[in-house]
Participant: 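Please find one structure pasted underneath; my questions will follow.
Numbering starts at 1 and runs along the sequence shown. Computed from a predicted structure; not experimentally measured.
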Amino acid sequence: MRNILWVALTALYPVLVYLGLAHAEPRVLALLLLALALARYLASRSQQALAVALAGLVLAALTAWSNQLLPLKIYPVAMNVAMLVLFGASLLKGQTVVERLARLHDPELDAHGVAYTRKVTIVWCGFFIFNGGISLATALWGSEQTWALYNGLITYVLMGTLMGGEWLVRRRVRAGKHVA
């Protein structure tokens, strides 16, 4: 239940900030970021969650101190960096993140499957770089509307498209067809 709350709050965060601007100063909205960071940590209590929570705390403190919106707009960038670090670090050690997920469904993953999951992990790293870069650009140079639209909707459409595309590729790979 806590994980569902974290996912919902994270997905709605840009929209909540955008809508909140009509009613409150950025320093008041910093409480939203603080609550989100805390919920994220309490949901999993992992080292990654702690790092994200600390980033949220720092951004919330900067917002409270400066009463500027920019630190609040940086949070989606921090999430992309955290995911890039998580996925990228898994490329350097044992099982990749995608392999661990695949083994939940197929514990006896063969060498071809391991190689495939490694490639998918690399694709996700590329996605987090791309998405984080666009998120940063919208935070620095976009309007609040553009930032909220990209980070609150478009980014999730892109993630869903990547997941769906990977699912289609995986079906072809499992059927024995080779994919470049």
Side-chain angles (χ1 to χ4, degrees), residues 1-90 97-98 101 121-167:
M1 182 65 171
R2 286 184 290 184
N3 285 337
I4 293 171
L5 175 64
W6 173 81
V7 170
L9 285 173
T10 300
L12 291 174
Y13 173 79
V15 175
L16 294 173
V17 168
Y18 176 71
L19 294 174
L21 285 173
H23 306 287
E25 293 182 331
R27 67 174 37 113
V28 173
L29 295 175
L31 295 173
L32 172 65
L33 178 54
L34 194 57
L36 180 60
L38 182 60
R40 170 68 176 112
Y41 176 68
L42 293 175
S44 69
R45 296 185 190 246
S46 67
Q47 284 184 332
Q48 180 205 8
L50 179 60
V52 171
L54 290 174
L57 176 64
V58 168
L59 293 171
L62 285 171
T63 302
W65 176 74
S66 69
N67 201 29
Q68 297 295 311
L69 185 59
L70 183 59
L72 292 178
K73 291 168 69 175
I74 295 297
Y75 188 69
V77 178
M79 293 300 295
N80 277 280
V81 169
M83 296 304 289
L84 174 61
V85 168
L86 176 69
F87 278 62
S90 76
V97 169
V98 177
L101 293 171
T121 302
I122 292 168
V123 168
W124 274 105
C125 286
F127 174 82
F128 294 127
I129 292 168
F130 169 81
N131 194 55
I134 301 291
S135 292
L136 181 60
T138 64
L140 294 174
W141 302 297
S143 66
E144 282 79 21
Q145 296 89 349
T146 301
W147 173 80
L149 177 63
Y150 184 80
N151 292 285
L153 176 64
I154 295 172
T155 191
Y156 297 109
V157 170
L158 293 174
M159 276 192 249
T161 301
L162 180 55
M163 283 184 230
E166 188 279 323
W167 180 78

Participant: Looking at every heavy atom in both Ala82 and Val52, which two are closest together, and how far apart are they?
Facilitator: CB-CG2, 3.5 Å
Participant: I want to check something: taking the side chain as every heavy atom from C-beta on, are Val17 and Leu69 in contact at a cut-off of under 4.5 Å?
Facilitator: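 A side-chain contact under 4.5 Å exists here.
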Participant: Is it true that a side-chain atom of Tyr13 and a backbone atom of Leu72 form a donor plus acceptor pair closer than 3.5 Å?
Facilitator: yes
Participant: Between CG of Leu19 and CG of Leu29, what distance do you get to the nearest 0.5 Å?
Facilitator: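 Here the rounded value is 10.0 Å.
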Participant: With side chains defined as the heavy atoms from C-beta onward, is the minimum distance between Thr138 and Ile134 less than 4.5 Å?
Facilitator: yes
Participant: Rounded at 0.5 Å granularity, tell me how far CG in Leu158 sits from CE in Met163.
Facilitator: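 These two atoms lie 11.0 Å from each other.
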Participant: Check whether any side-chain heavy atom of Leu140 sits under 4.5 Å from a side-chain heavy atom of Leu70, and report yes or no.
Facilitator: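 Yes, their side chains come closer than 4.5 Å.
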Participant: Where do Phe128 and Val85 land on the side-chain contact (heavy atoms from CB on, under 4.5 Å) test, with the steps shown first?
Facilitator: CA-CA 9 Å; Phe128 294 127; Val85 168; over 6 Å; no
Participant: Please report the closest heavy-atom contact between Leu21 and Pro26, naming both atoms and the distance.
Facilitator: CD2-CG, 4.5 Å
Participant: Hey, what do you get for CG (Leu86) to CG (Leu84), rounding to the nearest 0.5 Å?
Facilitator: 9.5 Å
Participant: Rounded to the nearest 0.5 Å, what separates atom OG1 in Thr161 from atom CD1 in Ile154?
Facilitator: 11.0 Å
Participant: Partners of Phe127 by ring-ring contact (aromatic ring centres under 6.0 Å, His included), sequence neighbours excluded?
Facilitator: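 For Phe127 the ring-ring contact (aromatic ring centres under 6.0 Å, His included) partners, ignoring immediate neighbours, are Trp124.
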Participant: Hey, what do you get for CG (Asn80) to SG (Cys125), rounding to the nearest 0.5 Å?
Facilitator: 11.5 Å
Participant: Do you know the tightest heavy-atom contact between Ser135 and Trp147?
Facilitator: O-CD1, 4.4 Å
Participant: Supply the atom-to-atom distance Leu136 CG to Trp141 CH2, rounded to the nearest 0.5 angstrom.
Facilitator: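 Going from CG on Leu136 over to CH2 on Trp141, the span is 6.0 Å.
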Participant: Show me, pair by pair, the donor-acceptor contacts under 3.5 angstrom made by side chains of residues 59-68, not counting sequence neighbours?
Facilitator:
{"residue": "Thr63", "atom": "OG1", "partner": "Leu59", "partner atom": "O", "Å": "2.8"}
{"residue": "Ser66", "atom": "OG", "partner": "Leu62", "partner atom": "O", "Å": "2.8"}
{"residue": "Ser66", "atom": "OG", "partner": "Gln68", "partner atom": "N", "Å": "3.1"}
{"residue": "Asn67", "atom": "OD1", "partner": "Arg27", "partner atom": "N", "Å": "2.9"}

Participant: Heavy atoms only: give me the nearest Ser90-Val97 pair and the separation to one decimal.
Facilitator: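 Reported closest heavy-atom pair: OG-N, 3.1 Å.
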Participant: Count the heavy atoms of every other residue, nucleotide or ligand shown that sit under 6.0 Å from OH of Tyr150, and state whether that count exceeds 12.
Facilitator: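 Yes - once you tally the heavy atoms of other residues, nucleotides and ligands closer than 6.0 Å, there are more than 12.
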Participant: Specify the closest pair of heavy atoms between Ala139 and Ile74, including all atoms of both residues, with the distance to one decimal.
Facilitator: CB-CD1, 4.1 Å
